[in-house]
Amino acid sequence: MATPLSDTPLSPLKTVAVVGLGTMGTGITEVLAKAGREVIGIDISEAAAARSVAALEASTARAVERGKLTEQDRADALARVRTFTDLRAAADADLVIEVAPESYEIKQQIFRELDGIVRPEAILATGTNALSVTRLAADSARPERVLGLHFFNPAPAMRLVEVVSSVLTAPAAVAAVTDLALELGKEPVAVGDRPGFVADGLLFGYLNQAAAMYEAKYASREDIDAAMRLGCGLPMGPLALLDLIGIDTARTVLEAMYAESRDRLHAPAPILKQLSEAGLTGRKSGRGFYTYEAPGSATVVADSLTPASADTAAAGRTVRSVGVAGSGTMASGIAEVFAKAGYEVVLAARSEEKAQTAKARIGKSLSRSVDKGRMTAEAAAQTLDLITPAGSYDAFADVDLAVEAVAEDLEIKRQLFATLDKVCKPGAVLATTTSSLPVVACARATSRPQDVIGMHFFNPAPAMKLVEVVRTVLTADDVHATVREVCAKIKKHAVDCGDRAGFIVNALLFPYLNNAIKMVQEHYASLDDIDAAMKLGGGYPMGPFELLDVVGLDVSLAIEKVLHREFRDPGLAPAPLLEHLVAAGCLGRKTGRGFREYARR
């Protein structure tokens, strides 16, 4: 009779078998070999094993060229790797990591065979990113030794490793692979067994929504991708990322997640099936959402969907002076942006004092730019001189473009647009910076809805390059052209979208944030682990809870409510935990407490 696991000291995981020598298996093999482990690489295909060895040789050679490995270290690492085509080669392994295709049948067959091959104390790990670890463990003769070890691609570069426990997994097994991950220079996060775990569970829902947004012809593929890169600081846009992952792979992951969660946000967008079945699987096939120079190439080439370099559909109106309504951070930031571009700016607020305070804030911002060497003191003074503070919107009588940046309250904005309608000259373009309210409702408060458009700047406006240009069904072509021309002059990247809740960025960002809150609410993972997972595994500049506390929980809740009200999707209902924190006055950094506590200044 075998000794109970709890009484058995786990041997150091010195010899590791990697089953499946595709891109991920090869990457994991490299990480292990470099860290001094003996690696047994196993693949049923001799060709795949040969390709894996060649890839290892090439990758380690590049590491030597870059000074990251010595020739001796490279030789030692390669000597520690042996490849086989028979699972019986895993007989002496302390740990087996399975990275076979995402199929229960294939993985279960491997685990059944391993049961009769490996030593009783060996740990069996699956590299799945979507299938149930519990289901795989239940079919094993030693379910307490089975867990998930989810590396991210490319494994040598990505630091995140998700260590996935089922209800059957022994704590000693989890501790052993966690220690190994740390020794490999990785950052392990402990998660339970649910579809997609943390990183993919949040990432693939977002990617799926982006695909659905594109399929609905709401925005172009280029604008969706640019919006998420520039608006959220992401390394890649969602459609480009789907092409990199493989559209067929993404569809498989989403189908597995949807089968478990039944969350409509995980139901694969029909376009993913259509592209997959047509063989348009992304970079690897040479075409997916984009067209590439050749299969496997990262170079995008123009195709029939590539937008023309210049928009000649309509000529814009002349804009020499700009009115900015509001006195908060966003209003002063927008005024600074226009003044830096040489526009005469009228900064109007409800009182002369508020307007002067807003101009003083701009002065401080310009001084910081001078201190950092970004502009000269003379240029800063000239920029500030272009801004005229005013205590009444009557000062907008001669502006060519009026941009409102007042409170995110529809009634307040409607009243302001009614005022602008009376004050501004005929032909002036009227723009709202709303991030979630219907632009057409502002337009209908005027007698000239054709002159109204959305210009959604991102905070802080001087630093953020993105502007979402939001046309209503009533917006005139020359008004749209005017705003596009102005965006180019103020050196912002304009993306076009229609007048619906959240536009591009917030419609994709906030469901992701809401799902992260649900993970914490359900005690699935900690704030720190989720933030780490998305920064390390998804390349996000901030984790979801860091971002929520910066944005403000009250602002986030308001946007979630608008999205839920418009799209009527149960999955978009605000997480109760978010509502409870807002009700308690825990609004994030601005109150000193949100999801985390902050030192009072």
Side-chain angles (χ1 to χ4, degrees), residues 129-130 195-196 199-232 234 236-278 280-282 287-290 305 307 435-436 438 456 468 470-471 495-516 518 538 540 544 559-574:
N129 62 349
D200 285 353
L202 294 176
L203 178 65
F204 277 86
Y206 149 72
L207 296 176
N208 192 38
Q209 285 186 286
M213 179 182 281
Y214 172 70
E215 185 173 16
K217 295 183 169 55
Y218 175 67
S220 72
R221 61 192 180 182
E222 288 83 1
D223 280 355
I224 290 171
D225 279 354
M228 298 314 292
R229 282 189 293 103
L230 299 174
C232 296
L234 298 178
M236 292 183 79
L239 303 179
L241 182 54
L242 279 163
D243 274 358
L244 175 61
I245 292 167
I247 292 167
D248 52 342
T249 302
R251 177 190 170 201
T252 299
V253 171
L254 283 163
E255 283 177 341
M257 289 171 61
Y258 182 64
E260 298 284 340
S261 72
R262 310 314 291 180
D263 185 332
R264 275 165 45 190
L265 297 179
H266 296 154
I271 193 171
L272 298 178
K273 179 181 179 183
Q274 292 156 14
L275 289 171
S276 295
E277 293 184 346
L280 307 179
T281 54
R287 188 175 159 197
F289 286 99
Y290 295 91
L305 298 175
S435 62
S436 58
H456 180 212
E468 289 178 318
V470 188
R471 294 187 70 160
V495 298
D496 287 321
C497 51
D499 185 20
R500 74 179 201 190
F503 312 136
I504 297 173
V505 174
N506 286 347
L508 296 178
L509 174 64
F510 280 88
Y512 148 77
L513 295 174
N514 198 43
N515 284 339
K518 290 176 184 176
Y540 284 66
I559 293 171
E560 287 289 355
K561 285 181 174 177
V562 168
L563 291 172
H564 184 224
R565 190 161 58 243
E566 176 140 341
F567 296 109
R568 307 297 175 97
D569 188 326
L572 296 177

*CE/Met213 to CD1/Ile224 distance, rounded to the nearest 0.5 angstrom?*
6.0 Å
*Output yes when a side-chain donor or acceptor of Glu468 lies under 3.5 Å from a complementary backbone atom of Val505, and no otherwise.*
yes
*Are Ile247 and Leu280 side-chain neighbours, meaning at least one heavy-atom pair lies under 4.5 Å?*
no
*Let me see the working for Arg500 and Phe567 under side-chain contact (heavy atoms from CB on, under 4.5 Å), right down to the final yes or no.*
CA-CA 9 Å; Arg500 74 179 201 190; Phe567 296 109; 3.7 Å; yes
*Which atom pair, heavy atoms only, marks the closest approach of His266 to Gly205?*
CD2-CA, 4.1 Å
*So do the side chains of Lys273 and Pro268 get within less than 4.5 Å of each other, counting heavy atoms only?*
no
*To the nearest 0.5 Å, tell me how far Leu509 CG sits from Cys232 SG.*
4.5 Å
_With a 3.5 Å distance limit and no angle check, can you tell me whether Glu260 reaches the backbone of Pro195 through a side-chain donor-acceptor pair?_
no
*Working to the nearest 0.5 Å, report the span between CD of Glu255 and CG of Leu272.*
9.0 Å
*Closest heavy-atom contact between Asn515 and Gly571?*
OD1-O, 4.4 Å
*Say you draw a straight line from OG of Ser220 to CG of Leu239; how long is it, rounded to the nearest 0.5 Å?*
9.0 Å
*Shortest non-hydrogen contact from Ala507 toward Gln209*: O-NE2, 4.1 Å
*asked:* Can you tell me how the ring of Tyr206 sits relative to the ring of Tyr540, calling it parallel under 30°, perpendicular over 60° and tilted otherwise?
replied: perpendicular
*Taking the six-membered ring of Tyr290, is NZ or CZ of Arg287 closer than 6.0 Å to its centre and within 45° of its axis?*
no
*Got a second to check how far Asn514's CG is from Ile559's CD1, nearest 0.5 Å?*
12.0 Å
*asked:* Tell me if the CZ atom of Arg221 is crowded by more than 12 foreign heavy atoms within 6.0 Å.
replied: yes
*Can you see which heavy atom on Asp225 is nearest to which on Gly237, and at what distance?*
OD1-C, 3.2 Å
*Taking all heavy atoms of Glu560 and all of Pro574, pick out the closest pair and write down the distance.*
CB-CG, 3.8 Å
*Does Phe289 offer a backbone N or O that forms a donor-acceptor pair with the side chain of Asp243 under 3.5 Å?*
yes
*Roughly how far apart are Leu207 CG and Met228 CE, rounded to 0.5 Å?*
10.0 Å
